[in-house]
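Heads up: the structure comes next, in structure tokens.
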Amino acid sequence: MNVLQVSAEIFPLIKTGGLADVAGALPAALNAAGCDTRVLLPGFAPIMTDLHGSTVLAELVAPWGEPFVVRLGRLASLNLMAYVIDLPLLYHRPGSPYEDIQHRPFADNYRRFALLGWVASRLAGGLDMHWQPHVVHSHDWHAALASAYMAFSPAQRVRVANVYTVHNLAYDGLFASRHFFELGLPSSAFSVDGLEFHSQMSFMKAGLFFSDHITTVSPTYALEIQTREQGYGMDGLLRLRANVLTGILNGVDETVWDPARDPAIIHPFDADKPAGKLRCKAELQHRLGLAVQNDAPLFGIVSRITEQKGLHLVLKVLDQLLARGGQLVMMGEGDLGMENAFRQRAAANPLTVSVHIGYDENFAHQIFAATDVTLVPSSFEPCGLTQMYGLKYGSLPLVHHVGGLADTVVDCSLEDLANKTANGFVFHRFDAQGLLRAVCRAFALYARQPDWLAVRAHAMKQPMGWDKAAAQYVDLYRKLCP
Ligand code: ADP
Ligand code: GLC
């Protein structure tokens, strides 16, 4: 089965969050499960540079009249065939894939990402005479218009299925309706039974409405987004389409995240030979100027700093965490006020708190390797990957009971300790008190080292690869195009 994955990000080339990790890992996992997978990507500079031996597949004109080229080549870093939209005017810009350096969304994002969906629909329609996708699988609002364009494409010899994955409903790709006519969709697409959303156009809604099947990145999140509280106004539509909505839990790319073979960490380790972890901890404490104290539980955070991630709760309980003898290392970037608040706490507690504002892939690996606990107190979390990296690296996740966090972390309650199913710490009440109680539970377990080590070994040994998710996607693809 030929599968075309469509996304705006792909690790290791372009990444703002977990979407890139998924897009980078899923193709190989699908191929291992018997698919022939290719990707379609916008031609951001790092993608163009990595694209080897490319040829021009087609010279096309966008619905708004802009000429461009689709290239086909092999991404060297992933050894993966890729279609790339070569249009530097749209994609070669300083900043992130979505925003300029002042964090302002690019004004023409509706064009930059509509084009991704439009080219996907052209590939579905046979643009490459040597490779016909049977499934177009698009990810998040950036690729969501694929579903709309495919729904309005003339019938083809081959029926191509369309799967749309929601990674985060909070980012919906909402644009002024006056741009609708530029997109080349029939006017009937702009209606309540289409991509119209409170008089604007929503790319997210296009994916949710027009796809053959919707998936999201954990079973619990698939239920949560059907509620008013977490539905962002789409819950009604999602309830209507509940029979074609599935939660498939993400995996961990074990070629990238494996403490036994991780080039970013100096002292490799695994569940059976964990000694290197202690050395990683001492090395990091030393390097960051923290007190080099093996018996101080070291808490870690690697996160975007946005409201979603619940980090304000960490600020509220930090004094108690330190008073109990803990330490904190955090890396993240985002909200300026919150960045400063964390910086101030580090300045006030140089021996126990270390804060790094910025983005550093290697340092993220080192934090998971060195810490005892990974904090993920998100208010909502579609899947969450950092708690899974924490599990793999023996840094027990401490999480709020939502979305994928609820699906992956089992609290150290007495019964789960006895059953050997516990792998971390979970709090239900989303407030400082709820978080603090879980932090206290972490200290209590840390004081019982044999129990701590048993839970940690269990966490590290849990199977978390992509094979399970890949099998579920392949099942779904087969149902959609037998
Ligand atoms: P989200 O996609 O909502 O940000 P995930 O947990 O799914 O959350 O994925 C976050 C990814 O981004 C992980 O790979 C994590 O290690 C990485 N990450 C987040 N912030 C940083 C940072 N400042 N430096 C390096 N990696 C980061
Ligand atoms: C989104 C979500 C995150 C998820 C990631 C990958 O960024 O916020 O929870 O893990 O996508 O699916």
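When a ligand or atom number is given, it counts from 1 through the structure's own listing order. Residues: numbered from 1 along the sequence shown.
Taking the six-membered ring for Trp and the full ring otherwise, His139 and Tyr164 have centroids separated by 6.0 Å or more.
Under 4.0 angstrom from ligand 1, there are no non-hydrogen atoms of Val376. With a heavy-atom cut-off of 4.0 Å, Cys383 does not touch ligand 1 at all. Under 4.0 Å from ligand 1, the heavy atoms of Tyr389 that appear belong solely to its side chain. Under 4.0 Å from ligand 1, the heavy atoms of Asp21 that appear belong solely to its side chain. Only side-chain heavy atoms of Asn250 come within less than 4.0 Å of ligand 2; its backbone N, CA, C and O stay farther off. In Lys15, the part holding a heavy atom less than 4.0 Å from any atom of ligand 1 is the side chain. Under 4.0 angstrom from ligand 2, the non-hydrogen atoms of Val217 all belong to its side chain.
For atom 21 (C) of ligand 1, the choice among Phe11, Phe368, Tyr359 with the nearest heavy atom turns out to be Tyr359. Counting only non-hydrogen atoms, the option in Leu385, Leu405, Thr16, Val252 that gets closest to atom 5 (P) of ligand 1 is Leu385. Among Ile367, Asp360, Asn362, the residue whose heavy atom sits closest to atom 24 (N) of ligand 1 is Asp360. Closest to atom 16 (O) of ligand 1 by heavy atom, among Thr306, Ile305, Ile301, Val302, is Val302. In this comparison of Met388, Glu361, Gln387, Lys309, the heavy atom closest to atom 1 (P) of ligand 1 sits on Lys309.
In this structure, His167 has no heavy atom closer than 4.0 Å to ligand 1. Remark: distances from the non-hydrogen atoms of Gly17 to ligand 2 are all 4.0 Å or more. Taking a 4.0 Å cut-off on heavy atoms, Gly332 registers as neighbouring ligand 1. At least one heavy atom of Gly358 sits less than 4.0 Å from an atom of ligand 1.
Counting the atoms of ligand 2 from 1 in the order shown, those under 4.0 Å from a heavy atom of Gly18 are 5 (C), 6 (C). Applying the 4.0 Å criterion to heavy atoms of Val22 picks out, from ligand 2, the atoms 6 (C), 12 (O). With ligand atoms numbered from 1 in the order given, ligand 2 contributes 3 (C), 4 (C), 9 (O), 10 (O) to contacts under 4.0 Å with heavy atoms of Gly384. Residue-ligand proximity, Gln308 to ligand 2, at heavy-atom distances under 4.0 Å covers atoms 8 (O).
Ion pair Glu381/Lys309 flagged as a salt bridge, since at least one NZ, NE, NH1 or NH2 atom sits closer than 4.0 Å to an Asp/Glu carboxylate oxygen. Ion pairing between a basic and an acidic side chain is recognised when a charged N comes within 4.0 Å of a carboxylate O; Lys205 and Asp172 show no such pairing. Using a 4.0 Å cut-off between charged nitrogen and carboxylate oxygen, Asp372 and Lys277 do not count as a salt-bridge pair. We find that Lys461 and Asp270 are not joined by a salt bridge, their nearest charged nitrogen and carboxylate oxygen being 4.0 Å or further apart. Glu283 and Arg279 are not joined by a salt bridge, as no carboxylate oxygen comes within less than 4.0 angstrom of a charged side-chain nitrogen.
Around atom CD of Glu307, no more than 12 heavy atoms belonging to other residues, nucleotides or ligands sit under 6.0 Å away. Residue Arg437 places its CZ atom among 12 or fewer non-hydrogen atoms of other residues, nucleotides or ligands, all under 6.0 Å distant. At most 12 non-hydrogen atoms from other residues, nucleotides or ligands lie less than 6.0 angstrom from NE2 of His286.
Looking only at protein heavy atoms, the nearest one to atom 2 (O) of ligand 1 is Gly18 N, 2.6 Å. Of the protein's non-hydrogen atoms, the one nearest atom 9 (O) of ligand 2 is Glu381 OE2, 2.5 Å. Taking atom 15 (C) of ligand 1 as the reference point, the nearest protein heavy-atom neighbour is Thr386 CG2, 3.7 Å. Here the protein heavy atom with the shortest distance to atom 4 (O) of ligand 1 is Arg304 NE, 2.7 Å. Here the heavy atom of the protein found nearest to atom 20 (N) of ligand 1 is Ser303 C, 3.5 Å. The closest protein non-hydrogen atom to atom 12 (O) of ligand 2 is His167 ND1, 2.7 Å.
Within the 3.5 Å criterion, the main-chain N or O of Ala23 finds no donor-acceptor partner in the side chain of Glu9.
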Going through the checks in order, is the salt bridge (charged side-chain N to carboxylate O under 4.0 Å, His left out) test met by Asp475 and Lys479? CA-CA 6 Å; Asp475 264 4; Lys479 273 188 207 122; 5.3 Å; no

Given Asp431 and Lys316, is the salt bridge (charged side-chain N to carboxylate O under 4.0 Å, His left out) satisfied, shown in steps? CA-CA 9 Å; Asp431 58 19; Lys316 285 192 182 157; over 6 Å; no

Quick one: do Arg261 and Asp258 satisfy salt bridge (charged side-chain N to carboxylate O under 4.0 Å, His left out)? Show the steps, please. CA-CA 6 Å; Arg261 292 179 302 164; Asp258 175 0; 2.8 Å; yes

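Taking the six-membered ring where tryptophan is involved, the planes of Trp141 and Phe203 are perpendicular, since the angle between them exceeds 60° and thus also 30°.
A cation-pi geometry, defined here as NZ or CZ lying under 6.0 Å from the six-membered ring centre and within 45° of its normal, holds between Arg93 and Phe106.
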